[in-house]
2 protein chains.
Amino acid sequence: MTTDLMTIREMCEAYDVTPRTLRFYESKELLFPIREGTRRLFTKRDRARLTLILRGKRFGFSLEDIRQLLDMYDRDGSQETQLRRTYDLARERLAAMETQRAELDVAIADLKDQLAWGEEMLARFASNAA
Amino acid sequence: MTTDLMTIREMCEAYDVTPRTLRFYESKELLFPIREGTRRLFTKRDRARLTLILRGKRFGFSLEDIRQLLDMYDRDGSQETQLRRTYDLARERLAAMETQRAELDVAIADLKDQLAWGEEMLARFASNAA
DNA sequence: CGTTACATTTACGTCAACGTCAAGCACTCT
DNA sequence: AGAGTGCTTGACGTTGACGTAAATGTAACG
């Protein structure tokens with residue numbers, strides 16, 4: 001292992017985020033890199049948190065939700081209360097995502113109908129032109 | 001038929017939108033109600049446009065996209081160029097929606113995995129407590 | 001010492017689609 | 001005339017997740 005500490009550039013490479021994003025997350029108290037003078041050094045812990053942040057974002061959690069969950073983990077270690085809270089939040093999110101999926105399905109089906117209609121019209125134009 | 005013209009309130013009732021929304025759409029040149037002094041009177045044409053606006057929104061088109069399409073229809077009457085443009089835009093949107101649905105599916109599957117994991121942990125805690 | 005290549009901070013800007021006042025006019029009822 | 005209601009305009013606020021600009025620092029290279 002090299003140093004176990006990573007600069008902001010290395011982090012950006014590794015996680016495909018911009019420096020602005022990492023500083024932003026720090027300002028929102030999602031990350032706590034070591035401040036070596038004016039520079040940042042990201043620890044293993046920061047990387048673990050960032051992984052969870054990015055995963056959470058994929059699931060559609062807000063940064064504020066994520067922050068609260070991470071903080072809970074920090075306080076409780078790995079106790080039941082926070083696990084249950086995480087679990088509940090995740091179930092809510094899942095429900096929301098499935099609702100969204102259903103709506104998207106309807107919209108897609110409708111749009112396909114409209115497309116069929118459009119093709120019909122185009123065909124009609126084509127035959128008129130011929 | 002009463003008057004073929006509707007007040008802002010009637011429009012709100014009929015389309016389940018707020019007055020603010022209608023004024024906003026007018027400011028964005030999506031609607032062109034008659035200005036009777038200081039008040040608005042929405043014509044059949046406005047209603048047709050609003051229907052298309054709301055439909056477009058359901059499909060995820062931006063208001064700007066919608067405005068451009070509506071303007072095209074106004075200019076071209078009902079010619080092939082605009083029909084094709086609409087058709088192409090709709091196909092793009094459909095592709096985007098299907099991509100989005102695929103990503104959502106992955107996220108849902110992942111989240112379900114995490115949930116299963118969470119249940120496992122909770123069960124472990126429960127048995128420890130017993 | 002100068003240049004290059006990063007790093008930092010602060011603060012304001014962005015995007016979408018409206019919401020939320022505040023303040024005033026227009027009309028009706030009494 | 002006063003009260004009440006509805007409609008108007010205009011400007012600023014909201015939300016989330018950063019982007020962008022400007023001014024400055026600092027570290028290593030040659």
Side-chain angles (χ1 to χ4, degrees), chain A residues 3 5-42 46 49-70 89 92-93 96-97 100 103 107, chain B residues 3 5-43 46 49-70 89 93 96-97 100 103 107:
Chain A
T3 320
L5 295 178
M6 290 171 68
T7 69
I8 202 168
R9 274 298 153 199
E10 289 165 347
M11 290 292 283
C12 293
E13 289 291 323
Y15 293 88
D16 192 30
V17 294
T18 68
R20 177 69 180 101
T21 300
L22 294 177
R23 290 194 269 264
F24 179 72
Y25 288 169
E26 185 187 2
S27 79
K28 293 289 176 181
E29 306 199 282
L30 287 160
L31 296 177
F32 307 93
I34 300 169
R35 304 309 297 271
E36 194 75 19
T38 167
R39 309 213 163 150
R40 292 163 175 84
L41 289 174
F42 295 84
D46 290 311
R49 292 174 72 96
L50 183 53
T51 298
L52 291 175
I53 293 168
L54 297 178
R55 180 178 300 164
K57 271 171 58 74
R58 283 191 46 234
F59 295 155
F61 289 99
S62 72
L63 290 183
E64 177 56 19
D65 282 347
I66 294 169
R67 193 187 61 73
Q68 289 181 19
L69 288 176
L70 287 174
L89 248 186
E92 279 178 35
R93 258 279 84 205
M97 286 165 73
Q100 188 184 343
E103 286 169 2
Chain B
T3 320
L5 295 177
M6 291 172 65
T7 70
I8 200 166
R9 272 300 152 200
E10 290 165 345
M11 290 291 284
C12 293
E13 290 292 323
Y15 293 88
D16 192 32
V17 293
T18 67
R20 180 67 182 97
T21 299
L22 294 177
R23 294 186 197 113
F24 180 72
Y25 287 170
E26 185 188 2
S27 78
K28 292 289 174 180
E29 308 199 281
L30 287 160
L31 297 177
F32 306 93
I34 299 169
R35 304 307 300 269
E36 194 74 21
T38 166
R39 308 207 164 157
R40 291 164 176 84
L41 290 174
F42 294 84
T43 67
D46 289 312
R49 292 175 72 97
L50 183 53
T51 298
L52 291 176
I53 292 167
L54 297 178
R55 179 177 301 165
K57 271 172 57 74
R58 283 193 45 237
F59 294 155
F61 288 101
S62 72
L63 290 184
E64 177 56 20
D65 283 347
I66 294 169
R67 192 187 61 73
Q68 290 182 20
L69 288 177
L70 287 175
L89 248 187
R93 256 278 86 203
M97 286 165 75
Q100 187 185 344
E103 285 169 2

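Chain identifiers are assigned alphabetically (A, B, ...) following the order of the sequence lines, protein sequences preceding nucleic acid strands; residue numbering begins at 1 within each chain.
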Handout entry: Step-by-step side chain to side chain contact (heavy atoms under 4.5 Å, CB included) determination, A:V17 to A:M11
Key = CA-CA 8 Å; A:V17 294; A:M11 290 292 283; 5.7 Å; no
Test side-chain contact (heavy atoms from CB on, under 4.5 Å) applied to [X] - qualifying residues, sequence neighbours left out:
X      : value
A:E92  : A:L89
A:E103 : A:T99
B:E13  : none

Close N/O contacts between protein and nucleotides 16-21 of chain C (under 3.5 Å):
unit_1 : atom_1 : unit_2 : atom_2 : d
C:dC18 : OP2    : B:Y25  : OH     : 2.7
C:dC18 : OP2    : B:K57  : NZ     : 2.9
C:dG19 : OP2    : B:T18  : OG1    : 2.9
C:dG19 : N7     : B:R20  : NE     : 3.1
C:dG19 : O6     : B:R20  : NH2    : 3.0
C:dT20 : O4     : B:R20  : NE     : 3.1

Q: Only counting residues at least two apart or in another chain, list the ones meeting salt bridge (charged side-chain N to carboxylate O under 4.0 Å, His left out) with B:R49.
A: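 With neighbours one apart ignored, the set is B:D71, B:D74.
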All pairs passing salt bridge (Lys or Arg N to Asp or Glu O under 4.0 Å) where residues 20-31 of chain B contributes a residue, at least two apart:
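Checked against salt bridge (Lys or Arg N to Asp or Glu O under 4.0 Å) - neighbours excluded - the pairs reaching residues 20-31 of chain B are B:E26-B:R35, B:E26-B:R40.
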- [ ] For the pair B:D46 (side chain) and B:L31 (backbone), establish whether a donor and an acceptor sit closer than 3.5 Å, ignoring hydrogens and angles.
- [x]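 Not a single qualifying donor-acceptor pair exists.
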Are the side chains of A:L41 and A:P33 in contact, using a 4.5 Å heavy-atom criterion?
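Contact flag for A:P33/A:L41 side chains = no.
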If you apply the rule side chain to side chain contact (heavy atoms under 4.5 Å, CB included), what do you find for B:T43 with B:F32, and how did you get there? CA-CA 9 Å; B:T43 67; B:F32 306 93; over 6 Å; no
Name the residue closer to the 5' end of DNA chain C, choosing between A:R39 and B:R39 according to the nucleotide with the nearest heavy atom.
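It is A:R39 whose nearest nucleotide is closer to the 5' end.
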query: What are the 5'-most and 3'-most nucleotides of DNA chain D lying under 4.0 Å from any heavy atom of chain A?
result: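 Endpoints of the contacted stretch of DNA chain D: D:dA17 to D:dA27.
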Checklist line | Residues within residues 6-14 of chain A bordering DNA chain C, heavy-atom distance below 4.0 Å | finding: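 Those residues are A:I8, A:R9.
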Notebook entry, point to check: Could you walk me through whether A:L22 and A:Y15 pass the side chain to side chain contact (heavy atoms under 4.5 Å, CB included) check?
Noted result: CA-CA 10 Å; A:L22 294 177; A:Y15 293 88; over 6 Å; no
Return a table of donor-acceptor pairs under 3.5 angstrom between the side chains of residues 51-62 of chain A and protein atoms on other chains or two or more places apart.
unit_1 : atom_1 : unit_2 : atom_2 : d
A:T51  : OG1    : A:R47  : O      : 2.9
A:R58  : NH1    : B:D110 : OD2    : 3.3
A:R58  : NH2    : B:D110 : OD2    : 2.9
A:S62  : OG     : A:E64  : N      : 3.4
A:S62  : OG     : A:D65  : N      : 3.1

- Query: Between B:F24 and B:T18, is a side chain to side chain contact (heavy atoms under 4.5 Å, CB included) present by the stated rule, with each step listed?
  - Reply: CA-CA 10 Å; B:F24 180 72; B:T18 67; over 6 Å; no
If the condition is side-chain hydrogen bond (donor to acceptor under 3.5 Å, both in side chains), which residues does B:T7 pass it with, not counting sequence neighbours?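 Checked B:T7 against side-chain hydrogen bond (donor to acceptor under 3.5 Å, both in side chains); zero matches.
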Contact list for DNA chain D against residues 26-33 of chain A - heavy-atom distance below 4.0 Å |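 Hits under 4.0 Å, by residue number: none.
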Under 4.0 Å, counting only non-hydrogen atoms across every strand here, what does B:R23 touch: a base, just sugar-phosphate, or nothing?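 Since a base atom lies under 4.0 Å of B:R23, the category is base.
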